[in-house]
Amino acid sequence: MTLIATAYAHECIVMGTDTLLQRTENYQTNKIIGYGSIQKLFFIRKTGTGISVRGRASWGEKTIKQILQNFTHTVESSMRQCDVADALQLYIKSNFPQLETSYHIAGYQDTEPFIYDLDFDSGLNLVRENVDRKGFLRYSVLARIDDTEVRNQVLPLPDFSKMQENQVFDFMETLFKLKIQAENLKPTPSVGYPIDYLFLSHDQSKFVSNKIASDFLLD
């Protein structure tokens, strides 16, 4: 299980993904025949939208990056973050409904942050995660943490509303470190280094990675 995590504090969003790829014999057996590395974190410059993925890395001859690049061709620079999220949901449902991949979608509209979860296991239901039932902004981390030991070490969560960018980054590094330590005890680990990060604020974006920026960019 790939780990993708998106932390949202008062002044920034930090998206993170591991890069481990499990190579399987086929979709039917899911028998692991080797390991590699793959890009799971992407950025649409014209709208300032970050997208991270977990699950299947390809469909037929198309990689997940190629699928998202084709989607980006349909995105206009005038679109709001909610429009991009809605459009991605429609694009995947219409063209790749059986692609077992889930997505985090994040960005700012003016100074307001938007965090969306588009989860395959929930029928590709799109949920905005950073607002409560009354519509007020809330600050936390979006991640699926299946390991009890890892959860016990990161819970209770800190107060993200009071955290600075460096503190959010430290939390994310700790989360990935704990998850990878837990995975390394398993016969077939599914999360591994290196970790890619994307920092977003209302007026800038930056990557923390040993890769070149073009690896992340969809446009």
Side-chain angles (χ1 to χ4, degrees), residues 2 4-19 38-97 99 101-120 124-131 137 139 141-142 165 168-169 172 194-219:
T2 292
I4 63 175
T6 301
Y8 36 104
H10 194 269
E11 296 183 355
C12 69
I13 299 168
V14 181
M15 307 181 76
T17 69
D18 80 307
T19 53
I38 192 170
Q39 188 70 35
K40 304 175 186 177
L41 182 60
F42 306 97
F43 186 61
I44 303 177
R45 286 180 293 185
K46 56 188 169 184
T47 56
T49 306
I51 302 175
S52 56
V53 301
R54 64 174 176 83
R56 295 292 182 187
S58 62
W59 185 259
E61 299 298 318
K62 291 184 179 294
T63 66
I64 190 63
K65 182 175 183 179
Q66 290 171 327
I67 290 171
L68 291 175
Q69 283 177 321
N70 289 341
F71 161 71
T72 301
H73 294 156
T74 72
V75 174
E76 299 179 1
S77 59
S78 60
M79 291 173 69
R80 301 169 298 171
Q81 298 299 337
C82 59
D83 298 328
V84 177
D86 287 339
L88 179 60
Q89 179 192 37
L90 178 60
Y91 183 84
I92 297 299
K93 279 189 169 184
S94 300
N95 297 283
F96 304 96
L99 177 62
T101 302
S102 300
Y103 311 80
H104 290 181
I105 308 154
Y108 282 82
Q109 192 64 46
D110 298 322
T111 60
E112 183 177 353
F114 286 78
I115 313 293
Y116 291 96
D117 187 22
L118 181 59
D119 186 53
F120 178 83
L124 291 174
N125 185 36
L126 181 67
V127 178
R128 185 178 177 189
E129 294 286 347
N130 68 318
V131 291
L137 290 175
Y139 305 94
V141 60
L142 175 61
E165 181 180 291
V168 179
F169 181 69
M172 293 283 276
I195 308 302
D196 292 332
Y197 296 99
L198 171 62
F199 288 78
L200 299 171
S201 68
H202 73 277
D203 60 356
Q204 66 174 332
S205 61
K206 62 181 179 181
F207 300 101
V208 176
S209 172
N210 58 3
K211 303 172 185 174
I212 58 176
S214 60
D215 291 335
F216 296 88
L217 300 177
L218 296 174
D219 61 347

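Keep in mind that the numbers below use all heavy atoms, side chains included, and drop hydrogens, waters and symmetry copies.
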Partner set under side chain to side chain contact (heavy atoms under 4.5 Å, CB included) for Ser209, not counting sequence neighbours = Asp196, Lys211, Phe216

Would you please classify the geometry between the Phe169 ring and the Phe199 ring as parallel, tilted or perpendicular, with 30° and 60° separating the classes?
-> tilted

Test side chain to side chain contact (heavy atoms under 4.5 Å, CB included) applied to His202 - qualifying residues, sequence neighbours left out = Tyr108, Thr111

Considering only heavy atoms from C-beta outward, does the side chain of Thr6 approach that of Ile13 to under 4.5 Å?
-> yes

Under the salt bridge (Lys or Arg N to Asp or Glu O under 4.0 Å) test, which residues partner Glu165, sequence neighbours left out?
-> Lys206

Report the C-alpha distance between Asp119 and Arg54 in whole Å, list the side-chain angles of each, state the deciding distance to 0.1 Å, and finish with yes or no for side chain to side chain contact (heavy atoms under 4.5 Å, CB included).
-> CA-CA 9 Å; Asp119 186 53; Arg54 64 174 176 83; 2.8 Å; yes

Using salt bridge (Lys or Arg N to Asp or Glu O under 4.0 Å) as the criterion, list what pairs up with Asp83, not counting sequence neighbours.
-> Arg80

Would you be so kind as to tabulate the donor-acceptor pairs closer than 3.5 Å made by side chains of residues 69-76, with sequence neighbours excluded?
{"from": "Asn70", "atom 1": "ND2", "to": "Gln66", "atom 2": "O", "distance (Å)": "3.4"}
{"from": "Thr72", "atom 1": "OG1", "to": "Leu68", "atom 2": "O", "distance (Å)": "2.8"}
{"from": "Thr74", "atom 1": "OG1", "to": "Phe71", "atom 2": "O", "distance (Å)": "2.6"}

Residues at least two apart in sequence or cross-chain that pass side-chain hydrogen bond (donor to acceptor under 3.5 Å, both in side chains) with Thr19, listed by chain then number, are none

Ile92/Tyr103 under side chain to side chain contact (heavy atoms under 4.5 Å, CB included): CA gap, chis, key distance, verdict = CA-CA 10 Å; Ile92 297 299; Tyr103 311 80; 3.4 Å; yes

Any side-chain donor paired with an acceptor under 3.5 Å for Gln81 and Thr49?
-> yes

In chain order, what residues pass the side-chain hydrogen bond (donor to acceptor under 3.5 Å, both in side chains) check against Asn130, with sequence neighbours excluded?
-> Arg128

In chain order, what residues pass the side-chain hydrogen bond (donor to acceptor under 3.5 Å, both in side chains) check against Thr101, with sequence neighbours excluded?
-> none

Evaluate the side chain to side chain contact (heavy atoms under 4.5 Å, CB included) criterion for residues Leu126 and Leu88: first the C-alpha distance (whole Å), next the side-chain angles of each, then the deciding distance (0.1 Å), finally the verdict.
-> CA-CA 10 Å; Leu126 181 67; Leu88 179 60; over 6 Å; no

Okay, side chain of Ser102, backbone of Phe120: is any donor-acceptor separation there less than 3.5 Å?
-> yes

With a 4.5 Å limit on heavy-atom distance, are the side chains of Leu142 and Tyr8 in contact?
-> yes

For residues Leu118 and Leu124, determine if any side-chain heavy atom of one lies less than 4.5 Å from a side-chain heavy atom of the other.
-> yes

Excluding sequence neighbours, so at least two apart, what forms salt bridge (Lys or Arg N to Asp or Glu O under 4.0 Å) with Asp219?
-> Arg45

Test side chain to side chain contact (heavy atoms under 4.5 Å, CB included) applied to Ala7 - qualifying residues, sequence neighbours left out = Val141, Phe160, Val168, Met172

Ring pair (Phe, Tyr, Trp, His ring centres under 6.0 Å) with Tyr139: which residues, sequence neighbours excluded?
-> His10

Report yes or no: does Lys65 contribute a side-chain atom to a donor-acceptor pair with the main-chain N or O of Asp215 at less than 3.5 Å?
-> yes

Residues two or more places apart in sequence or in another chain: which of them pass side chain to side chain contact (heavy atoms under 4.5 Å, CB included) with Ile38?
-> Leu21, Lys40, Ala57

